[in-house]
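Here the structure is laid out as C-alpha cells; the discussion comes afterwards.
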Amino acid sequence: FVTRGDLDGAMQLYQQSLTVEEQLGDLKGKSVTLANVANLLEQQNDFDGALKLYVESFNISQQLKDLFGMANVLAMMSSVLIKRGENEQALRGLIDSLNIFVQMQAMRDANNSARRLVEMKKTIGADAFAALWQKVMGGAEMPEWLAKG
C-alpha cells in the first residue's frame with residue numbers, strides 16, 4: 001500500500017495489526033508497527049504524531065531490552081527531530097543508534113545510521129553540524145569519514 005501511495009490503506013492495515021498485536025500481547029510486533037505508523041505520519045507531515053509514536057515504540061523496545069529495535073527507532077526518529085529543529089536530540093540518537101549497531105556487529109544497519117549522520121550534516125550545514133558535534137561529544141573530533149562526508 002505504501003509503495004503505491006495508498007497511505008490510508010496502509011494506515012488501516014497497521015491499525016488492524018496493532019489491534020491483533022495488543023490482543024496477543026505481542027509487544028515486539030506492536031513496537032515495529034508503531035514505528036511504521038510513525039513513518040506514515042511523518043510522510044503526512046504530522047511530526048508531533050510521528051514523534052509520539054516513535055517514543056512509544058522506543059519505550060517498548062527498551063522495556064524488552066531489544067537493542068536492535070531501540071537503535072532502529074532512534075535512527076528513524078532522527079528525521080522527525082531534525083524537521084522539528086531538535087538537532088541536538090537527533091544527533092544524540094543517531095550516535096547512539098550507530099554505536100548500538102556497531103556493538104551488535106549489524107554493519108548494514110550501522111551504515112544506514114552513518115548515512116543518516118551524513119544527511120543530517122548536509123541538511124543543517126557543515127559548520128552547524130561541526131559545532132553541534134563538538135557540543136554533544138564533549139569536544140571530541142568528528143570521525144574522518146563523517147568530516148569528509
Side-chain angles (χ1 to χ4, degrees), residues 1-3 5 7 10-11 13-15 17-18 21-22 24-149:
F1 287 93
V2 175
T3 56
L7 300 183
M11 190 66 82
L13 287 177
Y14 285 139
Q15 292 300 333
S17 181
L18 280 172
E21 289 157 353
E22 287 176 4
L24 295 174
D26 179 6
L27 289 177
K28 184 170 174 83
K30 180 179 179 181
S31 176
V32 170
T33 302
L34 287 170
N36 287 331
V37 173
N39 185 268
L40 280 181
L41 292 176
E42 181 180 354
Q43 290 177 45
Q44 296 171 335
N45 295 322
D46 180 358
F47 304 134
D48 292 340
L51 186 58
K52 180 180 180 227
L53 294 183
Y54 279 135
V55 168
E56 187 176 349
S57 175
F58 178 82
N59 288 339
I60 292 171
S61 293
Q62 193 173 39
Q63 174 187 342
L64 296 173
K65 297 180 177 32
D66 175 11
L67 291 177
F68 184 86
M70 291 167 53
N72 197 42
V73 172
L74 286 170
M76 293 173 70
M77 191 181 342
S78 68
S79 62
V80 169
L81 292 169
I82 292 166
K83 290 171 186 168
R84 290 171 45 113
E86 298 176 37
N87 295 328
E88 184 174 339
Q89 190 174 351
L91 180 57
R92 288 181 190 281
L94 283 171
I95 292 168
D96 288 346
S97 173
L98 176 61
N99 288 335
I100 292 169
F101 285 137
V102 167
Q103 177 186 9
M104 296 178 66
Q105 298 181 346
M107 299 318 291
R108 183 181 61 110
D109 299 294
N111 288 336
N112 183 46
S113 291
R115 181 183 48 75
R116 288 177 186 256
L117 281 166
V118 171
E119 288 173 8
M120 180 181 183
K121 181 180 169 191
K122 289 177 184 172
T123 299
I124 70 170
D127 291 340
F129 186 86
L132 186 59
W133 181 274
Q134 290 288 309
K135 178 181 179 185
V136 167
M137 297 304 291
E141 291 295 317
M142 218 182 300
E144 188 174 329
W145 61 267
L146 184 55
K148 290 181 179 179

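FYI, the numbering just counts along the sequence from 1.
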Could you walk me through whether S78 and M120 pass the side-chain contact (heavy atoms from CB on, under 4.5 Å) test, one step at a time? CA-CA 9 Å; S78 68; M120 180 181 183; over 6 Å; no
So L34 and K30, side-chain contact (heavy atoms from CB on, under 4.5 Å) or not? Walk me through it. CA-CA 6 Å; L34 287 170; K30 180 179 179 181; 4.0 Å; yes
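- Panel note: side chain Q134, backbone A140; a donor-acceptor pair is recorded below 3.5 Å.
- Of the N and O atoms on the side chains of N39 and Q43, at least one donor lies less than 3.5 Å from an acceptor on the other residue.
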Between K121 and V118, is the side-chain contact (heavy atoms from CB on, under 4.5 Å) condition met? List the steps. CA-CA 5 Å; K121 181 180 169 191; V118 171; 5.6 Å; no
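- Atoms CG and CD1, on L94 and I82 in that order, are 6.0 Å from each other to the nearest 0.5 Å.
- Contacts of D66 classified as salt bridge (charged side-chain N to carboxylate O under 4.0 Å, His left out), with partners at least two apart in sequence or in another chain: K28.
- Residue V80 forms a side chain to side chain contact (heavy atoms under 4.5 Å, CB included) with just one option from R84, M76, K83, and that option is R84.
- Looking at every heavy atom in both residues, S97 comes nearest to L74 through CB-CB, 4.1 Å.
- Every residue two or more places apart in sequence or in another chain that forms a salt bridge (charged side-chain N to carboxylate O under 4.0 Å, His left out) with K148 is listed here: E144.
- The minimum heavy-atom distance linking V102 with A110 is given by the pair CG2-CB, 3.9 Å.
- Remark: L98 CG to N112 CG distance equals 10.0 Å, nearest 0.5 Å.
- Between L91 and L117 the shortest heavy-atom distance is CD1-CD2, 3.5 Å.
- Summarising the geometry, atom CG belonging to D26 is positioned 10.5 Å from atom CG belonging to L18; distances are rounded to the nearest 0.5 Å.
- Applying the salt bridge (charged side-chain N to carboxylate O under 4.0 Å, His left out) criterion to K122, with sequence neighbours excluded, gives no partner residue.
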Could you walk me through whether L81 and N87 pass the side-chain contact (heavy atoms from CB on, under 4.5 Å) test, one step at a time? CA-CA 6 Å; L81 292 169; N87 295 328; over 6 Å; no
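- Taking CD of E22 as the start and OG1 of T33 as the end, the distance is 9.5 Å to the nearest 0.5 Å.
- The salt bridge (charged side-chain N to carboxylate O under 4.0 Å, His left out) test applied to R115 returns E119, not counting sequence neighbours.
- Nearest heavy atoms, A35 versus Y54: O-CE2, 3.6 Å.
- Closest heavy-atom contact between F58 and M77: CB-CE, 4.4 Å.
- Rounding to the nearest 0.5 Å places CZ of F47 at 10.5 Å from CG of L41.
- Scored by the ring-ring contact (aromatic ring centres under 6.0 Å, His included) test, F101 finds F68 as partners (sequence neighbours excluded).
- The minimum heavy-atom distance linking E42 with A50 is given by the pair N-CB, 3.8 Å.
- Here salt bridge (charged side-chain N to carboxylate O under 4.0 Å, His left out) pairs that include residues 91-114, with residues two or more places apart or in two chains, are E88-R92.
- Atom OG in S113 sits 8.0 Å away from atom CG in N72 (nearest 0.5 Å).
- Within a 6.0 Å radius of CD in Q63, more than 12 heavy atoms belonging to other residues, nucleotides or ligands are found.
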